[in-house]
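Atoms within each ligand, like the ligands themselves, are counted from 1 in listed order.
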Amino acid sequence: MRVILIGPPGAGKGTQSERIMAEYPLAHISTGDILRENVKNGTELGKSAKSFMDAGKLVPDDVIIRMMKERLAKDDARKGFLLDGFPRTTPQAEALGTLLKELSLPLDAVLLLEISDDEVVNRLCNRRVCSSCGAIYNALSHPPKKDRVCDECGGEVTQRDDDKETVIRSRLSVYHEQTSPLISYYDGKGLLHRVGAAGAPDTALLYIETMKLGV
Ligand code: ADP
Ligand code: ZN
């Protein structure tokens, strides 16, 4: 099964991916996670990406495309994958199309997570993340049991640098301008499926189950 998750920041791509991964043996490929890992480790890629990420802007296409060519060529991608946060622009989608053709790995579905801008701002302002294991919390509705300490691994629970309100607004406008054209792009290929993302974080998983894509 080869699936893309598209949606605005805060739609819950990360949480929905976790639910899907618990049921299907796929490679979960999140460009945001790969970039943050590179920033944390101070790699050249991380250094060049950080200023864009902190401003809520997209990292340039050529950097992302190079990074994803490497990632998708790895063996584990052959067992199926879930792309989370990629592609985010039309050039990225076109590059992905070419690459998957070369690798003979056609896409099965593109799931669009739908949620309003207000709900996104509300969610992200309160989002907290474990800096060690990536577990996701909400300061209001799902805080860690002990203040700032991860329930799962004891790591430090913090706010992402780009989860501040001004940056969230900027990430949303980037989404509407640069990523939303992918909706009609994939609709035109007959691959787009709309999934509500304002409620429970398992709507994408349920949708996949009803589509019976197989593993
Ligand atoms: P969110 O979807 O919540 O904005 P991500 O973790 O997917 O968060 O991405 C965080 C940041 O990483 C983005 O704001 C952007 O700067 C960068 N990024 C992630 N994926 C891409 C991509 N496909 N193209 C360009 N930049 C990206
Ligand atoms: Zn943790």
Side-chain angles (χ1 to χ4, degrees), residues 4-18 28-40 45-72 82-96 99 110-113 115 117 119-138 142-146 148-182 197 201:
I4 297 179
L5 282 187
I6 293 188
K13 295 188 292 292
T15 317
Q16 298 256 15
S17 298
E18 283 171 19
H28 175 211
I29 305 179
S30 156
T31 40
D33 286 350
I34 299 174
L35 291 168
R36 277 186 293 278
E37 191 63 29
N38 276 277
V39 170
K40 202 162 125 188
L45 171 64
K47 283 180 203 152
S48 60
K50 186 172 186 337
S51 60
F52 295 101
M53 295 171 75
D54 286 348
K57 301 225 169 73
L58 293 184
V59 175
D61 284 337
D62 58 328
V63 175
I64 296 288
I65 291 169
R66 213 177 318 127
M67 178 176 108
M68 290 305 281
K69 271 191 181 155
E70 257 174 52
R71 181 63 190 86
L72 284 165
L82 181 63
L83 295 183
D84 161 0
F86 174 85
R88 255 183 159 88
T89 64
T90 306
Q92 288 181 19
E94 285 167 350
L96 176 66
L99 181 63
V110 176
L111 302 186
L112 172 66
L113 299 180
I115 183 169
D117 286 8
E119 179 71 17
V120 162
V121 174
N122 209 348
R123 262 189 199 181
L124 290 188
C125 289
N126 292 310
R127 177 162 75 176
R128 302 291 182 270
V129 183
C130 172
S131 43
S132 300
C133 77
I136 299 164
Y137 298 90
N138 181 291
H142 173 48
K145 292 195 184 77
K146 195 164 159 223
R148 302 171 64 87
V149 178
C150 179
D151 295 348
E152 308 292 330
C153 79
E156 192 193 0
V157 174
T158 58
Q159 185 172 41
R160 256 168 59 174
D161 287 341
D162 59 356
D163 277 349
K164 311 276 152 57
E165 181 156 355
T166 48
V167 184
I168 295 168
R169 296 273 175 205
S170 149
R171 284 156 66 204
L172 273 169
S173 61
V174 166
Y175 174 78
H176 292 303
E177 281 162 28
Q178 306 200 52
T179 307
S180 66
L182 298 186

Quiz item: Closer than 4.0 angstrom: is that true for some heavy atom of Lys50 and an atom of ligand 1?
Solution: no
Quiz item: Does any non-hydrogen side-chain atom of Lys164 lie less than 4.5 Å from one of Gln159?
Solution: yes
Quiz prompt | Side-chain heavy-atom pair Leu124, Asp162 within 4.5 angstrom cut-off | solution = no
Quiz prompt | Top protein contact for atom 8 (O) of ligand 1, by heavy-atom distance | solution = Arg160 NH2, 3.2 Å
Self-check item: Test item: Gln16 and Leu111 side chains (from C-beta on) under 4.5 Å apart, heavy atoms
Solution: no
Quiz item: For ligand 1, is there an atom lying under 4.0 Å from some heavy atom of Arg36?
Solution: yes
Quiz item: Is Gln178 near ligand 1, meaning one of its heavy atoms is under 4.0 Å from it?
Solution: no
Quiz item: Going through the checks in order, is the side-chain contact (heavy atoms from CB on, under 4.5 Å) test met by Thr179 and Thr89?
Solution: CA-CA 5 Å; Thr179 307; Thr89 64; 5.6 Å; no
Quiz item: Are the charged groups of Glu165 and Arg169 less than 4.0 angstrom apart, N to O?
Solution: yes
Quiz item: Which option out of Arg88, Met53, Met67, Arg171 puts a heavy atom nearest to atom 5 (P) of ligand 1?
Solution: Arg88
Quiz item: How open is the angle at the Zn ion (ligand 2) from atom SG of Cys130 over to atom SG of Cys153, rounded to 10 degrees?
Solution: 100°
Quiz item: For ligand 1, which part of Leu58 has a heavy atom less than 4.0 Å away: the side chain, the backbone, both, or neither?
Solution: both
Exercise. Using a 4.0 Å heavy-atom threshold (strictly under), name the region of Arg127 that reaches ligand 1: side chain, backbone, both or neither.
Key: side chain
Self-check item: atom 16 (O) of ligand 1: nearest protein contact (heavy atom, Å)
Solution: Lys57 O, 2.6 Å
Quiz item: Is there at least one pair of N or O atoms, one from Lys13 and one from ligand 1, spaced under 3.5 Å apart?
Solution: yes
Practice problem: Answer with yes or no whether the side chains of His176 and Asp117 bring together a donor and an acceptor at under 3.5 Å. | Solution: yes
Quiz item: Got an N/O contact under 3.5 Å between Val59 and ligand 1?
Solution: yes
Quiz item: Which is it for Leu182 and Leu112 under the side-chain contact (heavy atoms from CB on, under 4.5 Å) test, yes or no, and what are the steps along the way?
Solution: CA-CA 10 Å; Leu182 298 186; Leu112 172 66; over 6 Å; no
Quiz item: Do Gly85 and ligand 1 have an N or O pair less than 3.5 Å apart?
Solution: yes
Practice problem: Identify whether the distance between the nearest side-chain nitrogen and carboxylate oxygen of Asp163 and Arg171 falls below 4.0 Å. | Solution: yes
Self-check item: Heavy-atom nearest neighbour in the protein, as seen from atom 20 (N) of ligand 1, with distance rounded to 0.1 Å
Solution: Thr31 OG1, 2.8 Å
Self-check item: Closest approach of any protein heavy atom to atom 24 (N) of ligand 1, naming residue and atom
Solution: Gln92 NE2, 2.9 Å
Self-check item: Test salt bridge (Lys or Arg N to Asp or Glu O under 4.0 Å) applied to Arg66 and Glu70, step by step
Solution: CA-CA 7 Å; Arg66 213 177 318 127; Glu70 257 174 52; over 6 Å; no
Self-check item: Option of least heavy-atom distance to atom 17 (C) of ligand 1 (set: Asp54, Asp163, Thr179, Leu35)
Solution: Leu35
Quiz item: Side-chain contact, heavy-atom cut-off 4.5 Å: Leu72 with Leu83?
Solution: yes
